[in-house]
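Note that the structure is a prediction, hence the values are computed from the model and not measured. Naming convention: chains lettered A, B, ... in sequence-line order (proteins, then strands); numbering from 1 in each chain.
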Amino acid sequence: MEKYNHKTIEKKWQAIWEAAGMYRALEDSPKPKQYVLDMFPYPSGEGLHLGHTENYTATCIYSRYLRMKRFNVFHPIGWDAFGLPSENYAIKTGVHPDVSTHQNIKNFITQIKSLGFSVDFTREIDTSSPEYYKWTQWFFLLLYKNGLAYKKKAKSNWCESCKTVLANEQAEGGICERCKNEVVQKDLEQWFFKITDFAEDLINDLNDVDWPSSSITAQRNWIGKSEGAIIKFKIKNEELKTTDQNSKFIEVFTTRPDTLFGVTYIVVAPELIDGGEWGMKNEEEVREYLVQVKRRTDLERTADDKEKTGVLLKGIKAINPSNQEEIPIFVADYVLGHYGTGAVMAVPAHDERDFQFAKKHNLPIKMVVCPNYPKTICPVLDSAYLGKGNLVMSGEFNGVSNEDAKEKITDFVKGRWVTKYKLRDWLVSRQRYWGAPIPIIYCETDGEVPVPEKDLPVKLPTDVDFLPTGESPLKYSKSFNDVLCPLCGKKARREADTMDTFVCSSWYYLRYVDPRNSKEFASKENLKKWLPVDMYMGGAEHIVLHLMYARFFAKVLKKFNYIEFNEPFKKLRHQGMVLASDGRKMSKSLGNVVNPNEIIGKYGADTLRLHIMFLGPLEDMKSWNDESIAGPRRFLERVWRLCEKVSDNNDEGRIEQILHKTIKKVGEDIEVFSLNTAISALMMLVNEMEKSEMITKNSYETILLLLSPFVPHITEELWHKIGNKQSIHLASWPVFDHNKIITGEVTIAVQVNGKVRDTVIVSLDNNNEDMVFGLVSTRPNVARWTLGKKIKKVIFVPGKILNIVV
RNA sequence: GCCCGGGUGGUGGAAUGGUAUACACAGGAGACUUAAAAUCUCCCGCCGCAAGGCUUGUGGGUUCGAGUCCCACCCCGGGCACCA
């Protein structure tokens, strides 16, 4: 028999499968559907990396398994083609993004094919093609017409190096998600999507998905729902000596209305001062502080989070509605303008931040929740007390548990109970070229006018200088701005910003079901046939970006009756990151990047697929290892040689039990993505088969079938070698016989006081306490521990253990 | 600080409360070979000549029996972080 040559085998079968259209999802099939989706790649110049390889191998195994279980599997692939790197590459080299992107896509396709991934290329999509972004623009208009897309001037995250604004999710901690440079705040007119309208659904519907619990928690925290009270504090101007009952007041949001009697001052956010008439005496000092605050970047604000700066508003006081105490008002940037009401009541005794501020500014600290009740002597605090207790110093509420007091005190001061979210609206404008244009026209007479649907797509022009200047490159494209107002017909100009690429990827999974439709983003019929996605696999880094946005889009579409489901991704799993062998992230600058192409050349796609799955649990972070890939390769060579032992004339009795056990184990493991243990079970089976002189054709076929989702090429080759004419990938998954797993005898461990001293093999008839005890009690290994001692107890677990307690 | 994960041989990792260290990698010994590679066989947690003892981050607990459950602590990784 010739040697196992992965190069010729893999090429040969890839060509045959492609010609046969093997992995196409069938439009009309009586079989139940399974939509298995990968997070589609950004076609970068670097090509497919090991993270992609891990992700797509896992879903490929899963898809192949489901096909063998006779599901109609829908497993598409496409390209998240818009984005900054192509544009930056263009700036550097002069190669147009459209050209480089399509070269990169070609390379990705070659690589995907060379790994034997069973994807349906007939449904390929490219978010940068006009046929696709026409519908991205259509979604924009859908949101716009329903008041869910709006423009406003706002403090925005501006990345100086990317020359564009970013969404909050992309500027966490004041660092640009893409280039890791500092983000500054700029006041700009920007387009927003009103994702906050759906905050409640986005939280509640997390109850209905099968996602990793850590991902669910991460989304919940990001949306950040909290319930509290809005309470009014009147403002008194000391100079005017008015306590004008109806004039000025501040509203604060608090989750701790129970501590209202402990309020010793009020703090308002800098943003609030800017707008209002406050009547303080030290106007100049306050203005100076506001200027200072504006200069500080987010990075600085978080870096010195111990130092809480702020300025007293002189000449005015707030009145605590619970006890009519007059308390000072401060402006401080530890209070955020965009959250709650932009003002807080400060209770230094029961809030850590207020405590720090009070210490710094020598403000009174008044404890009103006491843990020692009914003793009302409260401890001296060296930090805020956040625990439970009963109220003290709180007038008629003394003694009430602080939990009960929340509602009572809110009612007492006529506050109202509200729900707030940390989630903010999604900023979608980008001042860059390589994205979908925003379909809005500005007219001198009619103002902001949406592009009529019939005029979509608004095509991305080519006569553009995309050197970033801080202004949108499209602003200076002649052809792009040669446009008339759809309402009055006068000369107008187009919105020059493009959309965040996350808009494109928020609905791509819908397009796969009807990728060439020019009348709708997808037909209702096809949407109904394939959706929702049954299994979604991708990196955990997208949990508050893509996965939040895509859920938001689905909620919008559901609301306007385009789709029938609430949640787009029923089941979600993440693959862990693959680190370099030194345990660090793979990066070009560190020179530790492993290129899948090289591994494929040296060991073959099958070996790479097997190795990357065998490295450890799918969701764990793992380090690449060049050395241990020898194991999977040797294993495949053993499977190859096993072919020579196939013979017709012997029964498979000896390996029958392990064969059926393995069928069961491998199937169960694939279903829960425990692929490393599935592989080890397959290795054990092969080890057993090697010990036999001969193996039956049936057993050999079975192991090939079990292996075929993992290593599609070598199994196809061997399958044909032993005489099959049809592809192994059209065969059914083997069925195990439960009776063959249970054999006539079991091994029982014999313990004395919980320590194993012996084992015994008994027949099923003898698998009971009396028989086993009788068999082993006189054995030397047992007797030496029990002799002369009183047996207190015997525990017997059938088929497992006999424990003698002395 | 808060919220999730996780700590098992030289290494990657297995173990529905029931024989810890499966399956691999690396290492060692041998067979085949003129030789090497490949392949095959055996060994491989620690202490001990052995009998045996010890061992799943540390210390307690529950249990006939704990890597697995409970409590406290230590360490590592990830996410969030002035959201009142």
Considering just the side-chain nitrogens and oxygens of [X], establish if one lies under 4.0 Å of OP1 or OP2 belonging to [N].
X       : N      : value
Y334(A) : A84(B) : no
N676(A) : A14(B) : yes
R757(A) : G53(B) : yes
S226(A) : A84(B) : yes
R638(A) : A24(B) : yes

For [X], which contact category applies under a 4.0 Å heavy-atom criterion: base, sugar-phosphate, or nothing?
X       : value
V344(A) : base
S680(A) : base
K800(A) : base
T759(A) : base
F614(A) : base

How far, in whole Å, is [M] from [N] if one measures between their [atom1] atoms?
N      : M      : atom1 : result
U63(B) : C70(B) : P     : 16 Å
G57(B) : U11(B) : P     : 14 Å
A14(B) : G52(B) : P     : 33 Å
G78(B) : C82(B) : C1'   : 22 Å
U55(B) : G7(B)  : C1'   : 15 Å
G13(B) : A50(B) : P     : 33 Å
G59(B) : U68(B) : P     : 13 Å
A37(B) : C43(B) : C1'   : 23 Å

Can you tell me the base-pairing partner of [N]? Count Watson-Crick or G-U wobble geometry only, both distances below 3.5 Å, and say none if there is no partner.
N      : answer
U41(B) : A29(B)
A51(B) : none
C73(B) : G57(B)
C2(B)  : G79(B)
A24(B) : U11(B)

Subject >> L260(A) side, atom CG; S394(A) side, atom OG - distance, nearest 0.5 Å >> reply: 8.5 Å
For atom [atom1] of [X], is the number of surrounding heavy atoms from other residues, nucleotides or ligands below 6.0 Å larger than 12?
X       : atom1 : value
K602(A) : NZ    : no
K420(A) : NZ    : yes
K225(A) : NZ    : yes

Check every atom of [options] against the side chain of [X] and return the nucleotide holding the closest atom.
X       : options                : value
N687(A) : A26(B), C23(B), G53(B) : C23(B)
R641(A) : A84(B), C40(B), C3(B)  : C40(B)
I795(A) : U39(B), C82(B), C64(B) : C64(B)
V797(A) : G18(B), A24(B), A84(B) : G18(B)
T255(A) : C25(B), A84(B), A14(B) : A84(B)
R634(A) : G18(B), C25(B), C80(B) : C25(B)
W785(A) : G53(B), C23(B), C82(B) : G53(B)
T747(A) : C25(B), U19(B), G13(B) : U19(B)
Y339(A) : G79(B), C25(B), A84(B) : A84(B)
Q751(A) : A15(B), G18(B), C40(B) : G18(B)

Rounded to the Å, how far apart are [X] [atom1] and [N] [atom2]?
X       : N      : atom1 : atom2 : answer
I801(A) : A20(B) : CD1   : C1'   : 12 Å
E668(A) : A15(B) : CD    : P     : 13 Å
N753(A) : A66(B) : CG    : P     : 11 Å
R220(A) : G79(B) : CZ    : C1'   : 16 Å
M548(A) : C80(B) : CE    : P     : 11 Å
D620(A) : G13(B) : CG    : P     : 7 Å
M621(A) : G7(B)  : CE    : C1'   : 16 Å
F355(A) : A84(B) : CZ    : P     : 20 Å

**OP:** Check each of Y549(A), F192(A), F198(A) against W426(A) using the ring pair (Phe, Tyr, Trp, His ring centres under 6.0 Å) test, and report the only one that passes.
**Re:** Y549(A)
Original post:
Side chain of K792(A), base of C64(B): donor and acceptor closer than 3.5 Å?
Top reply: no
Subject >> Quiz item: K755(A) side-chain donor-acceptor pair to U19(B) base, under 3.5 Å >> reply: no
Original post:
Salt bridge or not for K406(A) and E403(A), using N-O below 4.0 Å?
Top reply: yes
**OP:** Look at R584(A) together with D582(A) and state whether they make a salt bridge at an N to O cut-off of under 4.0 Å.
**Re:**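 Salt bridge flag = yes for D582(A) with R584(A).
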Original post:
Pick the nucleotide of RNA chain B nearest each of G631(A) and N803(A); which residue has the one closer to the 5' end?
Top reply: G631(A)
Original post:
Hey, which of these two, I748(A) or P632(A), hits RNA chain B nearer its 5' end, going by closest nucleotide?
Top reply: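 Final value for this comparison: I748(A).
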**OP:** For a side-chain contact (heavy atoms from CB on, under 4.5 Å) with I329(A), tell me which candidate from I266(A), L312(A), V267(A) qualifies.
**Re:** I266(A)
Subject >> Side chain Y289(A), main chain T309(A), donor-acceptor under 3.5 Å >> reply: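 Here the side-chain-to-backbone pair exists.
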Subject >> Syn/anti state for G5(B) [syn: chi within 90° of 0] >> reply: anti
